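Reading through the structure tokens given below for one structure.
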Amino acid sequence: MDKAAMAFLVAALVSILSGRKIIDLLAGLKVRQTISEDAPERHMKKQGTPTMGGLIILLGTAIGLLVIRAADPKVWAVVLLTLASAGVGFLDDYLIATKGKSLGLKARQKLFAQFIIAIAFMVWVHAYRTDMPTWISLWGDKAVDLGWLYYPLSVLMIVGMSNAVNLTDGLDGLVSGLTVPFALILGILLTVGFMIIPAENLGLAIFVWALAGGCLGFLWHNCNPAKIFMGDTGSLALGAATAGVAIAGRIEFLYLVAGAIFVVEALSVIIQVISFKTTGKRVFRMAPIHHHFELSGWPEQKIVVRFWILQCLICAAVLAWVSRMILWTF
């Protein structure tokens, strides 16, 4: 894990040091956030904050990988998945910035592009895997073979988590702070080894720790009050990247457990929509759920820090669970 730690450190430093220049560049190009009229009123003061900050994360991650020279087929596949997803987000951010409205790509356009990208990634997965290609590791020696359902479910996981992270990105520093422990625990899980030999996942561990470093460096500029937002360029990329790592590294189940906060954020939107359309009533004051707490009177910083604490506790629980499973094997 020494290479992964070095990638983390390099990515964090690059993101911190390059952030100010990138913020000034984006501000000069007038790439600024337009706040939706549906957002809580307190968010209106954030109008005009530079966006597309995901570029800072991607730059830090890329430099971290290049310095360590972590390159294998799995890493390249996940990198391409990440860049393609970032490209969709970049186009969405660009359209919002140039139109001066909070509407970029239409939902169906964004979803279509995301599904195409996810399907392409899973085509690679199908071609690359030769041993137990559709098995999911649950815990210990427990596993289940999903058969052909594995592929559509994996596509849904990539698209779903990409949008879940996007929905979570509504408060200063929330997603970047959540992603750091989330990505770090994924790197640890990859080196433990479940369905395959741990050494085969070293490249993925280096990648995801570089991603964590990029997010930590970005948080330097994104903490409240944010000097820049990651935008869809960052959030769509982060969700797709972590899901791709989980699939390529065969840790899908534990990935969803560790990413419970992102899952809950997405579920809160689904529950709100279904409830309103069927009963005309709202379950939450506003969805995603972090806005519910805002409208309940919680200060933004309190919500963010408490979500960070919950994420750390979830990751610690996953690590304890995995450690216990390892001890049971001896």
Side-chain angles (χ1 to χ4, degrees), residues 1-13 15-16 53-54 56-58 60-61 64 78 82 161-162 164-192 194 201 204-224 226 230 234-235 237-246 249 251-266 288-290 293 300-325:
M1 290 295 289
D2 57 332
K3 291 184 177 180
M6 182 60 69
F8 173 85
L9 179 62
V10 170
L13 290 175
S15 294
I16 292 172
I56 298 173
I57 299 172
L58 294 174
T61 303
V78 176
T82 304
M161 286 300 288
S162 185
V165 174
N166 181 238
L167 290 169
T168 307
D169 184 31
L171 300 176
D172 294 356
L174 181 56
V175 165
S176 47
L178 289 173
T179 304
V180 175
F182 179 47
L184 290 177
I185 195 66
L186 292 181
I188 294 172
L189 293 176
L190 287 165
T191 56
V192 170
F194 288 92
N201 279 338
L204 290 175
I206 293 172
F207 169 80
V208 80
W209 272 42
L211 197 69
C215 287
L216 184 64
F218 176 70
L219 185 58
W220 182 276
H221 309 284
N222 184 232
C223 60
N224 186 271
M230 69 169 61
S235 59
L238 289 177
T242 54
V245 163
I251 55 170
E252 298 93 339
F253 176 70
L254 290 175
Y255 166 77
L256 292 174
V257 175
I261 289 181
F262 296 119
V263 174
V264 169
E265 288 270 15
I289 198 169
H290 58 262
F293 294 115
E300 181 173 347
Q301 296 95 321
K302 180 177 286 188
I303 299 169
V304 170
V305 172
R306 285 181 172 175
F307 272 50
W308 289 351
I309 292 170
L310 285 174
Q311 182 64 68
C312 290
L313 290 174
I314 291 169
C315 289
V318 170
L319 184 59
W321 185 17
V322 170
S323 299
R324 190 172 183 180
M325 286 192 298

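Counting from 1, the numbers follow the sequence of the chain as shown. Note that the structure is predicted; figures quoted are calculated from it, not measured.
In terms of heavy-atom proximity, Leu58 sits nearest to Ala237 at CD2-CB, 4.5 Å. Considering all non-hydrogen atoms of both residues, Ala243 and Met161 come closest at CB-CB, 4.5 Å. For the pair Ala11 and Ala210, the tightest heavy-atom approach, listed with the atom from each and the gap, is CB-O, 3.2 Å. Minimum interatomic distance between Ser235 and Val165 (heavy atoms only, all atoms of both residues): O-CG1, 3.5 Å. Pairing each heavy atom of Ser15 with each of Gly213, the nearest pair is OG-O, 4.5 Å. Between Leu219 and Ser176, the shortest heavy-atom distance links the atoms CD1-OG, 3.3 Å.
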Margin query: What verdict does the side chain to side chain contact (heavy atoms under 4.5 Å, CB included) test give for Glu265 and Leu174, after you've listed the backbone C-alpha separation in whole Å, the side-chain angles of each residue and the deciding distance to 0.1 Å?
Written below: CA-CA 12 Å; Glu265 288 270 15; Leu174 181 56; 4.2 Å; yes

Next item on the list: Begin with the C-alpha distance, continue with both residues' side-chain angles, and end with the deciding distance and a verdict on side chain to side chain contact (heavy atoms under 4.5 Å, CB included) for Phe207 and Thr61.
Entry: CA-CA 7 Å; Phe207 169 80; Thr61 303; 4.1 Å; yes

Next item on the list: Check the pair Thr242, Leu211 against side chain to side chain contact (heavy atoms under 4.5 Å, CB included), reporting the backbone distance first and the verdict last.
Entry: CA-CA 9 Å; Thr242 54; Leu211 197 69; 4.1 Å; yes

Margin query: With side chain to side chain contact (heavy atoms under 4.5 Å, CB included) as the criterion, how do Leu238 and Cys215 come out once you've worked through the C-alpha distance, each side chain's angles and the decisive distance to 0.1 Å?
Written below: CA-CA 9 Å; Leu238 289 177; Cys215 287; 3.7 Å; yes

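For the pair Asn224 and Val304, the minimum side-chain heavy-atom distance is 4.5 Å or more. In this structure, the side chains of Leu254 and Ile185 stay at 4.5 Å or more apart for every pair of heavy atoms. The shortest side-chain heavy-atom distance between Leu171 and Phe307 does not fall under the 4.5 Å cut-off. Contact check for Phe262 versus Leu256: no side-chain heavy atoms found under the 4.5 Å cut-off. Contact of the Val180 side chain with the Trp308 side chain is not registered, since no non-hydrogen atoms from C-beta on lie closer than 4.5 Å. Side-chain contact between Ile251 and Leu186: present, with at least one pair of heavy atoms (C-beta onward) separated by less than 4.5 Å.
Between atom CD1 of residue Ile289 and atom CG of residue Leu167 there is a gap of 12.5 Å, rounded to the nearest 0.5 Å. Between atom CD1 of residue Ile303 and atom NE2 of residue His290 there is a gap of 8.0 Å, rounded to the nearest 0.5 Å. Atom CG in Leu184 sits 10.5 Å away from atom OG1 in Thr179 (nearest 0.5 Å). Going from atom CD1 of Ile261 over to atom CD1 of Ile314 covers 4.5 Å, rounded to the nearest 0.5 Å. Going from atom CD1 of Ile57 over to atom OG1 of Thr82 covers 11.5 Å, rounded to the nearest 0.5 Å.
Of the possible polar contacts, one joining the Gln311 side chain to the Ala258 backbone as a donor-acceptor pair under 3.5 Å is found. Judged by distance alone, with hydrogens and angles left aside, the side-chain atoms of Asp172 form a donor-acceptor pair with the main-chain N or O of Ala226 at under 3.5 Å. Without hydrogens or angle criteria, Asn201 side chain to Thr191 main chain gives no donor-acceptor distance under 3.5 Å.
Environment of CH2 in Trp220: sparse, with no more than 12 heavy atoms of neighbouring residues, nucleotides or ligands closer than 6.0 Å.
In this structure Tyr255 satisfies the ring-ring contact (aromatic ring centres under 6.0 Å, His included) test together with Phe182, sequence neighbours excluded.
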